[in-house]
Amino acid sequence: MVDEARWWAMRPASNLKPATYRCPFCGKHLASMSDHVLIAPEDDRSKRRHAHMECVRAARAAGRLPTRDEWIAAERGPRPSLGARMRGLFVGKKADK
Ligand SMILES: [Zn+2]
């Protein structure tokens with residue numbers, strides 16, 4: 001299920017009421033009161049899942065679970081930063097004189 005979305009919203013979670021969830025990465029149980037991560041495909045709250053912090057960290061280290069910003073950057077491809085483009089404009093103007 002973790003490869004279905006283009007990007008993921010994620011935030012740290014620690015519930016006050018006890019419940020047990022199943023981590024979508026390792027399939028093991030997760031206690032709601034422990035520190036863990038809430039992940040939601042493309043910020044779809046209805047599909048959010050509770051995952052172990054270590055499992056999310058491992059998935060991200062493996063290049064899965066991109067954030068929205070990372071996905072946008074990847075879609076856009078390598079491009080000079082705004083600063084580099086601004087400098088280019090000024091360099092161009094100076095060269096005209
Ligand atoms: Zn896990």
Side-chain angles (χ1 to χ4, degrees):
M1 79 65 74
V2 289
D3 293 316
E4 285 166 18
R6 292 171 299 175
W7 58 272
W8 293 80
M10 55 197 94
R11 64 180 180 84
S14 179
N15 295 16
L16 294 176
K17 82 174 182 230
T20 306
Y21 304 106
R22 192 178 286 275
C23 172
F25 296 101
C26 64
K28 290 180 189 159
H29 288 124
L30 182 159
S32 63
M33 290 164 87
S34 67
D35 282 337
H36 63 277
V37 188
L38 258 180
I39 60 170
E42 301 180 12
D43 210 15
D44 184 345
R45 301 293 161 88
S46 68
K47 290 183 187 165
R48 70 183 180 183
R49 304 287 301 265
H50 297 258
H52 293 116
M53 213 169 259
E54 314 86 76
C55 294
V56 167
R57 208 175 282 143
R60 288 188 43 76
R64 294 159 85 194
L65 278 192
T67 61
R68 186 165 186 274
D69 286 349
E70 288 164 352
W71 171 70
I72 288 170
E75 282 287 295
R76 211 190 272 146
R79 203 184 257 191
S81 69
L82 182 62
R85 277 183 282 148
M86 294 290 277
R87 275 196 297 282
L89 278 178
F90 290 120
V91 168
K93 270 184 188 166
K94 271 179 199 161
D96 288 341
K97 278 178 190 171

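Order of appearance sets the numbers: ligands from 1, and atoms from 1 within every ligand.
- Residues His50 and Leu38 form a side-chain contact, since some pair of their non-hydrogen atoms from C-beta on lies under 4.5 Å apart.
- In this structure, Trp7 belongs to a hydrophobic cluster whose other members, linked by side-chain heavy atoms under 4.5 Å apart, are Trp71, Ile72.
- A distance-only check finds a donor-acceptor pair linking the side chain of Arg60 to the backbone of Leu65 [under 3.5 Å].
- Looking only at protein N/O/S atoms, the ones less than 2.8 Å from the Zn ion (ligand 1) make 4 in total.
- Side-chain contact between Arg6 and Glu75 is absent, with no heavy atoms from C-beta onward closer than 4.5 Å.
- With sequence neighbours excluded, the residues satisfying side chain to side chain contact (heavy atoms under 4.5 Å, CB included) with Asp35 are Ser14, Met53.
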Only pairs under 3.5 Å count here: list side-chain donor-acceptor contacts from residues 19-26, not counting sequence neighbours, and write none if there are none.
residue : atom : partner : partner atom : Å
Tyr21   : OH   : Asn15   : ND2          : 3.0
Arg22   : NH1  : Gly27   : O            : 2.8
Arg22   : NH2  : His29   : NE2          : 3.3

